[in-house]
Amino acid sequence: LANALRRILIAEVPTMAIERVYVSENTSVIQDEVLSHRLGLIPLKADPREFEMMTADDESNSMNTLVFKLQVVAGENKADPDGFTSVYSSQLEWQPVGSQADTFEHDPIRPVHDDILIARLKPGQVISLE
């Protein structure tokens with residue numbers, strides 16, 4: 001009974017997530033599909049009531065689309081004993097579409113938590129995506 005109630009609550013609570021990822025460059029050991037899946041699991045601080053549901057026939061606009069950009073070039077990291085550079089959700093940059101900058105200027109769209117690890121890069125590795 002408790003599990004059924006939990007499932008109903010989870011299914012009925014509207015949320016927003018990263019759905020499409022356009023990878024420009026990814027030289028990390030993480031495949032593009034796995035990286036896209038990890039990004040889709042990051043909870044976003046965005047009120048779904050402010051947006052419209054996008055259907056397959058709809059064009060992207062400010063009422064149905066959020067755009068984030070992630071560009072990281074790993075350099076030499078002396079703080080890490082292995083020299084890796086960690087990529088966190090705080091490095092996702094929200095790119096306002098249309099009037100979103102004005103609408104959300106007091107509470108900008110962002111990941112709920114800034115410390116979610118997305119990837120670890122060796123020096124010279126690059127992740128560039130939107």
Side-chain angles (χ1 to χ4, degrees):
L1 181 66
N3 192 37
L5 182 61
R6 180 187 67 82
R7 285 177 177 253
I8 290 169
L9 290 173
I10 289 173
E12 297 300 321
V13 174
T15 58
M16 296 189 72
I18 296 172
E19 185 175 279
R20 294 189 183 126
V21 178
Y22 301 101
V23 180
S24 303
E25 186 175 6
N26 178 14
T27 60
S28 72
V29 296
I30 301 175
Q31 295 98 346
D32 295 350
E33 295 82 7
V34 175
L35 185 61
S36 299
H37 182 258
R38 291 181 71 95
L39 291 169
L41 294 173
I42 296 173
L44 300 176
K45 186 168 182 357
D47 187 354
R49 295 173 293 189
E50 301 283 334
F51 295 89
E52 298 171 356
M53 183 73 155
M54 186 172 178
T55 63
D57 300 331
D58 288 343
E59 293 288 324
S60 298
N61 61 49
S62 64
M63 294 306 297
N64 63 15
T65 304
L66 289 174
V67 176
F68 286 90
K69 188 175 275 192
L70 178 66
Q71 293 184 324
V72 180
V73 178
E76 190 67 37
N77 186 0
K78 302 211 187 286
D80 187 81
D82 297 323
F84 288 102
T85 298
S86 296
V87 181
Y88 290 101
S89 57
S90 60
Q91 293 171 279
L92 283 169
E93 297 177 28
W94 173 51
Q95 306 292 308
V97 177
S99 63
Q100 288 179 351
D102 297 330
T103 306
F104 301 105
E105 74 176 318
H106 297 296
D107 192 17
I109 308 294
R110 62 186 180 280
V112 173
H113 304 288
D114 290 337
D115 59 348
I116 299 172
L117 183 65
I118 298 172
R120 295 192 65 197
L121 304 177
K122 285 187 173 183
Q125 291 183 331
V126 177
I127 293 178
S128 178
L129 54 85
E130 189 171 308

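Keep in mind that the numbers below use all heavy atoms, side chains included, and drop hydrogens, waters and symmetry copies. Starting from 1, each residue takes its place in the sequence as its number. The model shown is predicted, which means the values in this text are computed figures rather than measured ones.
For the atom pair CD1 (Ile118) and OG (Ser89), the distance works out to 5.5 Å, reported to the nearest 0.5 Å. Atom CD of residue Glu52 and atom OG1 of residue Thr65 lie 10.0 Å apart, to the nearest 0.5 angstrom. To the nearest 0.5 Å, atom OG1 of residue Thr103 and atom CD1 of residue Ile109 are 9.5 Å apart. To the nearest 0.5 Å, atom CD of residue Gln125 and atom CZ of residue Phe84 are 8.0 Å apart. Of the inter-residue distances, the one linking Gln91 atom CD with Phe68 atom CZ reads 14.0 Å to the nearest 0.5 angstrom. Atom-to-atom distance recorded for Glu130:CD and Leu70:CG is 11.0 Å, nearest 0.5 angstrom.
Note: Phe104 and Phe51 have parallel aromatic rings, judged against thresholds of 30 and 60 degrees for the angle between ring planes.
Taking the salt bridge (charged side-chain N to carboxylate O under 4.0 Å, His left out) definition, one finds that Arg120 meets it with Asp80, sequence neighbours left out. Considering only residues two or more places apart in sequence or on other chains, Asp114 meets the salt bridge (charged side-chain N to carboxylate O under 4.0 Å, His left out) condition with none of them.
By the neighbour-count criterion of 12 heavy atoms within 6.0 Å, atom CZ of Arg7 is sparsely surrounded, having that number or fewer from other residues, nucleotides or ligands.
With hydrogens and angles disregarded, no donor-acceptor distance shorter than 3.5 Å links the side chain of Glu93 to the backbone of Gln71. Using a distance-only test at 3.5 Å, with no hydrogens or angles considered, a donor-acceptor pair links the side chain of Thr27 to the main chain of Val126. Not a single donor-acceptor pair under 3.5 Å links the side chain of Arg49 to the backbone N or O of Asp47. Remark: the backbone N or O of Thr55 is paired with a side-chain donor or acceptor of Asp58 at under 3.5 angstrom. Using modelled atom types, one side-chain atom of Asn64 and one backbone atom of Glu59 make a donor-acceptor pair closer than 3.5 Å.
Looking at heavy atoms from C-beta onward, Leu35 lies out of side-chain contact with Val21 at the 4.5 angstrom threshold. At least one side-chain heavy atom of Asp107 sits under 4.5 Å from a side-chain heavy atom of Lys45. Annotation: side chain of Arg38 is not in contact with side chain of Ile116 (no heavy-atom distance under 4.5 Å).
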Residues Leu129, Asn26; criterion side-chain contact (heavy atoms from CB on, under 4.5 Å); working and verdict: CA-CA 8 Å; Leu129 54 85; Asn26 178 14; over 6 Å; no
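Residue pairs satisfying the side chain to side chain donor-acceptor pair (under 3.5 Å) criterion with at least one member in residues 14-25, sequence neighbours excluded, are absent.
Both Val23 and Ile127 sit in one connected hydrophobic cluster of ILVMFWY residues. Membership requires side-chain heavy atoms under 4.5 Å apart, directly or through other members. Note on Val72 and Val67: separate hydrophobic clusters, where clusters join Ile, Leu, Val, Met, Phe, Trp and Tyr whose side-chain heavy atoms are under 4.5 Å apart, directly or indirectly. Under a hydrophobic-cluster definition in which Ile, Leu, Val, Met, Phe, Trp and Tyr are linked whenever side-chain heavy atoms come within less than 4.5 Å, directly or via other members, Met16 and Leu39 are assigned to the same cluster. In the hydrophobic clustering of ILVMFWY residues, with side-chain heavy atoms under 4.5 Å counting as a link, Met54 and Ile18 come out apart. Cluster membership check: Tyr88 does not share its hydrophobic cluster with Leu44, using side-chain heavy-atom separations under 4.5 Å among Ile, Leu, Val, Met, Phe, Trp and Tyr.
The shortest non-hydrogen separation linking Ile42 to Pro111 is CG2-CB, 3.8 Å. When all heavy atoms of Ser62 and Gly98 are compared, the pair lying nearest together is CB-CA, 4.1 Å. Annotation for Pro48 and Pro14: closest pair CG-O, 3.4 Å, computed over non-hydrogen atoms.
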